[in-house]
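Index from 1, following the sequence.
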Amino acid sequence: MPELTHDPYAALRSRDVRLYISGNFLGTIGQQMQEIAIGWELYERTHSAFALGLVGLVLVLPVIALALPAGQIVDARDRRKVLLAAQSLFVTASIGLALVTLSRGPIWAIYALLALNGIANAFQSPAKGAFLPQIVPASALSNGMTWNSGAWQLAAVLGPAAGGAVIGLTHHATMAFVLGGTGTLIFATALALIHSRPGAARAERARGDLMSGLRFVWNTKLILATLTLDMFAVLLGGATTLLPVFAKDILHVGPGGLGWLAAAPSTGAVIVALAVAHRPPMQRAGRALMLAVIGFGLATIGFGLSKSFWLSLACLAVIGGLDMISVVIRATLVPLLTPDAMRGRVAAINGVFIGTSNELGGFESGALASLIGPVAAVVLGGIGTIATVIAIAVTWPEIRAFGKLEAPS
């Protein structure tokens with residue numbers, strides 16, 4: 001009999017899940033506004049693609065350095081309190097960035113405050129990865145992860161567009177940082193209102209050493225293959241870091257156009273997230289993942305070669321839509337296969353993979369663009385992404401055989 005009982009809103013029927021997703025949505029809008037402001041401020045003051053790439057390096061180094069102890073802390077402490085502490089660091093950095101840009105402070109101060117953001121994210125990432133599965137029933141986990149990812153992506157549509165509009169209206173990045181801090185405060189308020197379930201006892205969670213999460217990922221080949229594919233694909237195909245260069249020097253669309261370019265991937269992602277949420281769990285998730293990443297690489301090549309603003313928007317929307325398929329599969333698979341007692345440590349390892357792909361990929365894109373130009377850097381990255389899919393499929397055949405995306409019965 002065909003599946004007729006799929007509830008596309010199963011996860012959203014929980015008050016706590018609604019609070020978390022809505023708060024995370026508003027907090028993400030603020031953080032996305034800040035990302036646009038940082039990129040615009042640095043490029044306006046330095047006119048350097050390398051300076052943009054350095055942002056990614058500064059953000060990812062704390063995540064890599066603190067991943068293991070952060071994961072251990074998340075498993076040993078109240079995960080909601082860890083999230084709240086991370087939000088306080090984000091707010092502090094937002095205030096500092098607003099003051100530095102308002103006073104035209106030194107460039108090094110911007111990078112120092114970005115490093116504080118990186119420290120906050122080192123704890124936020126595993127705390128989020130462990131906390132949401134704690135309040136979503138296992139039977140609705142894929143649905144909850146899809147709605148959360150879709151809401152995040154919708155925020156990533158509105159945030160860059162709002163950030164670009166604020167900069168265009170005020171001719172300054174300060175207000176974007178102020179609004180970013182406000183969004184973070186709203187997320188913290190939503191977290192405080194959640195009636196968190198404890199999940200595994202903290203004493204049980206604290207068992208094991210700092211390396212236990214790393215060993216679990218290494219021994220669980222399906223998780224390792226999925227994270228590796230995502231990491232190298234996004235690292236090589238990180239075109240979005242160079243959007244300020246394309247907006248100003250290639251497409252000539254200014255800060256408003258930059259906001260729409262930055263929002264385009266998330267527009268595609270929201271559309272795909274809505275489609276996925278209204279369908280039963282994927283039946284051939286491994287095949288879908290590999291095809292999505294290949295399409296991601298092809299769309300990246302198309303964006304690099306485009307000289308049309310509208311074609312560039314379309315390519316970026318396709319990039320975001322296909323990346324959403326990867327996000328949903330990874331975000332569901334990792335907590336499904338991980339015991340609650342280890343979810344903080346495993347989420348920390350997951351955060352290293354994500355941070356490496358996004359932030360270190362941004363550094364790679366900026367450094368490569370400074371050597372061979374932005375167009376060649378993006379096209380070469382797209383080619384590398386497609387090659388990565390082939391290599392991963394050969395190395396780990398488990399990913400090709402990966403079937404239905406749901407909790408084990």
Side-chain angles (χ1 to χ4, degrees), residues 19-45 55-56 58-60 62-63 66 70 80-125 127-128 131 148 151-194 244 255 258-259 262-263 266 355 358-359:
L19 275 171
Y20 179 91
I21 291 178
S22 59
N24 192 33
F25 169 74
L26 294 172
T28 301
I29 287 179
Q31 291 184 6
Q32 292 291 315
M33 291 181 69
Q34 288 194 31
E35 287 187 17
I36 288 294
I38 289 166
W40 188 260
E41 178 78 9
L42 284 174
Y43 196 64
E44 277 288 290
R45 293 177 63 177
V55 170
V58 172
L59 287 172
V60 78
V63 174
L66 297 172
R80 180 172 54 176
K81 290 182 179 178
V82 175
L83 269 176
L84 286 169
Q87 304 318 301
S88 69
L89 292 180
F90 280 124
V91 171
T92 301
S94 298
I95 295 171
L97 287 166
L99 294 174
V100 169
T101 55
L102 182 63
S103 62
R104 299 289 288 182
I107 296 296
W108 66 261
I110 295 177
Y111 287 115
L113 291 164
L114 288 177
L116 183 60
N117 267 344
I119 294 171
N121 198 46
F123 290 88
Q124 173 181 260
S125 180
K128 281 185 173 181
F131 184 66
N148 185 57
W152 189 95
Q153 294 290 356
L154 179 59
V157 173
L158 301 175
V166 167
I167 295 172
L169 289 172
T170 64
H171 306 289
H172 213 282
T174 302
M175 185 54 65
F177 293 122
V178 171
L179 294 174
T182 302
T184 302
L185 284 173
I186 294 173
F187 182 34
T189 302
L191 288 170
L193 294 173
I194 290 175
L258 171 62
S266 295
N358 291 331
E359 312 300 354

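Arg45 places a side-chain heavy atom less than 4.5 Å from the side chain of Ile110. In this structure, the side chains of Lys128 and Leu83 come closer than 4.5 Å at one or more pairs of heavy atoms. Between Asn117 and Leu113, the closest side-chain pair of non-hydrogen atoms is not below 4.5 Å. Counting heavy atoms from C-beta outward, Phe90 and Asn121 have side chains that approach closer than 4.5 Å. For the pair Leu158 and Met33, the minimum side-chain heavy-atom distance is 4.5 Å or more.
Considering all non-hydrogen atoms of both residues, Gly118 and Val63 come closest at O-CG2, 3.7 Å. Annotation for Ile119 and Leu66: closest pair CG2-CD1, 4.0 Å, computed over non-hydrogen atoms. The shortest heavy-atom contact between Ala86 and Gln124 is CB-CB, 3.9 Å. The shortest heavy-atom contact between Ile36 and Gly163 is CG2-C, 4.1 Å. Of all non-hydrogen atoms in Ala70 and Ala122, the two that sit nearest each other are CB-O, 3.4 Å. Between Leu19 and Ala190, the shortest heavy-atom contact is O-CB, 3.6 Å.
Rounding to the nearest 0.5 Å places CZ of Phe25 at 4.5 Å from CG of Leu154. The distance from atom CG of Leu102 to atom CG of Leu97, rounded to the nearest 0.5 Å, is 12.0 Å. If you take OG1 on Thr28 and CD on Gln34, they are separated by 11.5 Å, rounding to the nearest 0.5 Å. The line from CG of Asn24 to CD1 of Ile29 is 10.5 Å long, rounded to the nearest 0.5 Å. Atom OH of Tyr111 sits about 10.5 Å away from atom CG of Leu59, to the nearest 0.5 Å.
Among residues two or more places apart in sequence or in another chain, the ring-ring contact (aromatic ring centres under 6.0 Å, His included) test is passed with Phe187 by Tyr20.
A side-chain N or O of His172 and one of Thr174 form a donor-acceptor pair less than 3.5 Å apart.
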When the side chains of residues 177-184 are checked against the rest of the protein, which donor-acceptor pairs come out under 3.5 Å, sequence neighbours left out?
unit_1 : atom_1 : unit_2 : atom_2 : d
Thr182 : OG1    : Val178 : O      : 3.0
Thr184 : OG1    : Gly180 : O      : 3.2

